[in-house]
Chemist: 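One structure coming up, written as structure tokens, with questions to follow.
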Amino acid sequence: MKPGIPKGTRDFSPAEMIRRNHVFDVIKVVFRKFGFEEIETPSMENLSTLEGKYGEEGDKLLFRILNSGPVIDQIREKQDSIRQSDITEKGLRYDLTVPFARYVVMHQNEITFPFRRYQIQPVWRADRPQKGRYREFYQCDADVIGSTSLFNEVELIRIIDEVFRTLIIGITIKLNNRKILAGIAEVIEAPDKLIDITVALDKLDKIGQDKVNEELISKGISQKAIDKIQPLLLLHGSNAEKLEALKKFLQGSQIGMKGIEEMELIFNILKKIDPDFKLPELDISLARGLNYYTGAIIEVKTHDKRSSFTSSICGGGRYDDLTGIFGLPNVSGVGISFGADRICDVLDEVNGYPDFSGGTTRILFVNFGMDEAMHCLRIVNQLRDDGIAAELYPDAAKMKKQMSYADAKKIPYVALIGMDEMTRGEIAIKNMKSGEQSIVSLNELLHILK
RNA sequence: GUGAUUGUAGCUCAGUUGGUUAGAGCGCCUGAUUGUGGUUCAGGAGGUCGUGGGUUCGAGCCCCAUCAUUCACCCCA
């Protein structure tokens with residue numbers, strides 16, 4: 001049969017893994033530096049955990065896992081009486097936030113709050129793949145749960161800044177607040193249309209003012225409300241200017257004013273701890289489809305001209321009651337999620353990876369036959385004990401073949417120990433880059449490779 | 001779920017209005033060089049042209065179906 005892998009999934013070869021690990025390592029180091037602790041959760045969750053948390057669209061994108069057992073046969077016999085739970089009751093995780101909320105509720109008695117956790121694992125979405133969109137991809141999440149302080153939002157923004165500064169990717173952080181969006185819906189007297197309004201606003205950059213209005217009409221929002229909303233679509237200028245205009249607009253809305261207050265506080269704290277910090281950009285068209293956000297909404301995009309990426313490479317926000325669904329109310333959390341795969345794609349486009357040209361193995365021992373190989377293996381072990389990656393070519397193949405292997409694997413040194421070297425207790429080593437060859441002792445070899 | 005796109009060697013791709021035996025570059029293997037890779041030279045292997053059907057004297061090329069790919073919409077990391 002012809003081998004293949006499912007749509008939207010990928011194999012990662014050694015060269016790619018080196019690059020991917022670089023991204024994961026940078027993110028991990030920053031997470032730890034900010035005091036976050038790592039957890040993992042299962043790839044699959046009960047459907048009851050996942051369903052209804054990601055909106056209508058999200059439910060459709062859940063990968064459901066077929067129950068094991070004789071169900072399949074039974075389906076063929078009695079199609080009518082089948083319930084969904086007979087067929088499937090588990091699904092692959094769609095993100096890391098909802099499983100985390102579930103984890104927090106289940107482990108509430110062992111957790112010290114506020115809990116700063118990070119989690120780096122794959123998630124699955126039954127989306128149709130396209131540029132930067134995969135059906136299996138890694139999220140790198142950092143969340144603080146059990147604290148309503150806006151210092152947490154500030155910390156997360158600083159994490160974003162540090163990660164992308166380390167990776168050398170130019171970014172724009174966009175910030176919005178669900179309370180401002182709720183305030184807008186309140187002011188135009190269409191509070192039940194909040195989701196429709198935010199989704200339409202999210203497209204402002206992409207499709208423009210007229211099309212947004214068309215979409216609002218099609219969603220059944222009154223002309224009067226749409227007229228009222230127009231000044232918001234024209235919002236521009238600095239954060240301060242936007243905030244002034246919003247304050248005017250949201251005067252009558254308590255929740256809206258609360259959102260503005262939060263936003264201002266975040267900006268002020270950021271400015272105070274570092275006057276040079278490039279502040280996030282206030283963007284009311286930023287909605288984030290996820291239903292559970294209640295406060296700050298964060299999104300990050302590259303602005304590197306060499307990258308054609310327009311989708312977000314990091315996103316997040318505050319959720320006031322995600323644990324409530326699982327029976328633990330009044331625990332607020334806020335988190336961000338780095339899209340590692342998209343970050344890798346951006347780095348590929350801008351050629352932004354450091355030089356990884358040196359291979360993993362530092363020295364290859366040429367195999368001249370049984371006796372020589374045994375002798376080499378003892379030296380190899382001594383090198384390994386000193387933490388040096390070394391290998392012996394497994395077969396007594398032709399020199400050319402063994403040298404080509406070292407070359408292909410970019411191994412910097414090759415050791416040649418034939419009968420002569422063996423009896424004299426010498427090691428002939430060749431520097432593969434310069435081509436120079438020399439005779440050394442084991443101690444000298446250790447010194448060179450250290 | 002909707003709309004397009006592309007499918008030819010391991011990889012990237014050429015292939016004329018339908019016309020003999022389907023090509024190139026890179027990679028791979030062998031030798032020049034039995035203890036020396038990366039350079040050079042000589043040679044070699046490798047293809048059910050995505051799959052199934054149809055039109056035709058004749059199909060890589062045209063038609064239909066199907067699968068896969070990539071991209072856009074929806075939505076999202």
Side-chain angles (χ1 to χ4, degrees), chain A residues 2-10 13 23 27 54-62 93-97 120-141 160 195 198-200 202-203 206-207 211 215 286-291 293 297-302 308-317 335-346 357 359 364 366-369 372 393 396-422 428-437:
Chain A
K2 210 165 39 177
I5 55 174
K7 193 191 299 231
T9 64
R10 294 156 300 158
S13 297
V23 171
I27 293 171
Y54 307 109
E56 209 180 306
E57 201 67 31
D59 274 0
K60 277 192 236 160
L61 300 180
L62 283 176
R93 70 167 105 72
Y94 180 92
D95 73 355
L96 300 178
T97 310
I120 297 176
Q121 289 188 276
V123 303
W124 294 268
R125 294 183 189 177
D127 230 344
R128 198 177 282 202
Q130 53 183 280
K131 189 181 171 69
R133 175 170 303 183
Y134 307 99
R135 297 182 116 180
E136 176 181 65
F137 60 96
Y138 273 76
Q139 290 195 329
C140 313
D141 277 36
I160 292 170
I195 302 268
T198 55
V199 168
D202 199 21
K203 295 178 193 162
K206 232 186 232 172
I207 62 178
K211 288 272 163 85
E215 176 154 336
L286 175 65
R288 299 286 84 212
L290 296 182
N291 286 352
Y293 290 130
I297 305 171
I298 304 165
E299 181 175 276
V300 180
K301 291 183 172 181
T302 350
S308 60
F309 251 79
T310 52
S311 39
S312 63
I313 51 178
C314 178
I336 49 169
S337 178
F338 290 86
D341 303 79
R342 286 183 176 178
I343 292 171
C344 290
D345 288 344
V346 170
S357 58
L364 173 80
V366 171
N367 187 328
F368 284 107
E372 295 93 330
Y393 196 88
K398 285 182 182 160
M399 264 298 264
K400 185 187 169 85
K401 175 117 178 134
Q402 302 195 39
M403 295 299 285
S404 302
Y405 173 84
D407 193 50
K409 279 189 72 175
K410 298 191 165 67
I411 297 171
Y413 292 98
V414 170
L416 303 121
I417 308 176
M419 262 315 161
D420 292 352
E421 286 87 353
M422 212 173 120
I429 64 158
K430 174 161 180 163
N431 179 324
M432 292 297 276
K433 201 167 180 188
S434 66
E436 282 166 23
Q437 206 162 308

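Just so you know, these numbers use all the heavy atoms, side chains as well, and skip hydrogens, waters and symmetry mates.
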Chemist: CD of A:Glu215 versus P of B:rC73: gap in Å, rounded?
Modeler: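 Computing the A:Glu215:CD to B:rC73:P distance gives 13 Å.
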Chemist: Can you name the residues that form a side chain to side chain donor-acceptor pair (under 3.5 Å) with A:Lys409, not counting sequence neighbours?
Modeler: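 Testing A:Lys409 for side chain to side chain donor-acceptor pair (under 3.5 Å), a comparison that skips the adjacent residues, returns A:Glu391, A:Tyr405.
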Chemist: Sequence neighbours excluded, which residues qualify as salt bridge (Lys or Arg N to Asp or Glu O under 4.0 Å) partners of A:Arg133?
Modeler: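 A:Asp127.
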Chemist: Among B:rC75, B:rU69, B:rC76, which is the nearest nucleotide to the side chain of A:Lys7?
Modeler: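 Shortest atom-to-atom distance from the side chain points to B:rU69.
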Chemist: Distance from A:Tyr393 atom OH to A:Met403 atom CE, nearest 0.5 Å?
Modeler: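 Rounded to the nearest 0.5 Å, the OH-CE separation comes to 12.5 Å.
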Chemist: Spell out yes or no: do the side chain of A:Arg128 and the base of B:rC73 have one donor N/O and one acceptor N/O closer than 3.5 Å?
Modeler: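 Result: no qualifying N/O pair found.
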Chemist: Got a sec, which residues hit side chain to side chain donor-acceptor pair (under 3.5 Å) with A:Lys131, two or more places apart in sequence or on another chain?
Modeler: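 Counting only residues at least two positions away or on another chain, A:Lys131 forms a side chain to side chain donor-acceptor pair (under 3.5 Å) with A:Ser308, A:Glu349.
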Chemist: Contact class for A:Lys203 vs. all strands (heavy atom < 4.0 Å): base, sugar-phosphate, or nothing?
Modeler: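 Counting heavy atoms under 4.0 Å across all strands, the contact made by A:Lys203 is with sugar-phosphate only.
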Chemist: How would you list, by chain and number, every residue that makes a side-chain contact (heavy atoms from CB on, under 4.5 Å) with A:Glu57, sequence neighbours excluded?
Modeler: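 Expected list: A:Lys60.
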Chemist: Phosphate oxygens OP1/OP2 of B:rA77: is one of them under 4.0 Å from a side-chain N or O of A:Gln139?
Modeler: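 Answer is no, no contact under 4.0 Å.
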Chemist: Just to verify, what does A:Glu215 make a side chain to side chain donor-acceptor pair (under 3.5 Å) with, not counting sequence neighbours?
Modeler: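 A:Lys203.
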Chemist: In whole angstrom, what separates A:Asp345's CG from B:rC76's C1'?
Modeler: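 So the CG-C1' distance, A:Asp345 to B:rC76, works out to 15 Å.
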Chemist: Work out how far the C1' atom of B:rA9 is from that of B:rA22, and round it to whole angstrom.
Modeler: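 Each nucleotide's C1' atom is 11 Å from the other's.
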Chemist: Here's a test of your reading of the structure: between A:Ile5 and A:Arg135, which maps to the more 5' nucleotide of RNA chain B?
Modeler: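 Here A:Ile5 is the residue nearer the 5' end.
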Chemist: Counting the atoms with a prime plus P, OP1 and OP2 as sugar-phosphate, which does A:Phe338 contact under 4.0 Å by heavy atoms, base, sugar-phosphate, or nothing?
Modeler: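 Since no nucleic acid heavy atom lies under 4.0 Å of A:Phe338, the category is nothing.
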Chemist: Do the side chain of A:Arg133 and the base of B:rC75 come within less than 3.5 angstrom through a donor-acceptor pair of N or O atoms?
Modeler: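 In this structure, the two groups form a donor-acceptor pair.
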Chemist: Just jot down the salt bridge (Lys or Arg N to Asp or Glu O under 4.0 Å) partners of A:Lys430, sequence neighbours excluded, or say none.
Modeler: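 Salt bridge (Lys or Arg N to Asp or Glu O under 4.0 Å) list for A:Lys430, sorted by chain: empty.
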Chemist: For Watson-Crick and G-U wobble pairs within 3.5 Å on both distances, what is RNA chain B written in dot-bracket notation, | included for inter-strand pairing?
Modeler: ((((.((..((((.....[...)))).(((((.......))))).....(((((..]....))))))).))))....
Chemist: A:Arg10: which residues meet the salt bridge (Lys or Arg N to Asp or Glu O under 4.0 Å) condition with it, sequence neighbours left out?
Modeler: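 For A:Arg10, the residues satisfying salt bridge (Lys or Arg N to Asp or Glu O under 4.0 Å) (neighbours in sequence not counted) are A:Asp341.
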Chemist: I'd like to check the side-chain contact (heavy atoms from CB on, under 4.5 Å) partners of A:Glu372; sequence neighbours left out, ordered by chain and number.
Modeler: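 Once residues adjacent in sequence are excluded, the partners of A:Glu372 under the side-chain contact (heavy atoms from CB on, under 4.5 Å) criterion are A:Phe368, A:Met419, A:Met422.
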Chemist: Donor-acceptor pair, A:Arg342 side chain versus A:Ile313 backbone, under 3.5 Å?
Modeler: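 Such a contact is absent between A:Arg342 side chain and A:Ile313 backbone.
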Chemist: Taking the C1' atom in each of B:rA77 and B:rC61, what is the distance between them to the nearest angstrom?
Modeler: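 Per the computed distance, 42 Å lies between those C1' atoms.
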Chemist: Between atom NZ in A:Lys301 and atom C1' in B:rC76, what is the gap in whole Å?
Modeler: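 Going from A:Lys301 (NZ) to B:rC76 (C1'), I get 11 Å.
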Chemist: For nucleotides 10-12 of chain B, tabulate all protein N/O to nucleotide N/O atom pairs closer than 3.5 Å, reporting atom names and distance.
Modeler:
none

Chemist: A:Thr9: what forms a side chain to side chain donor-acceptor pair (under 3.5 Å) with it, not counting sequence neighbours?
Modeler: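 For A:Thr9 there are no side chain to side chain donor-acceptor pair (under 3.5 Å) partners, ignoring immediate neighbours.
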Chemist: Could you write nucleotides 30-40 of chain B as a row of B, S and -, 5' to 3', where a protein heavy atom under 4.0 Å of any base atom gives B, of only sugar-phosphate atoms gives S, and otherwise -?
Modeler: -S---BBBB--
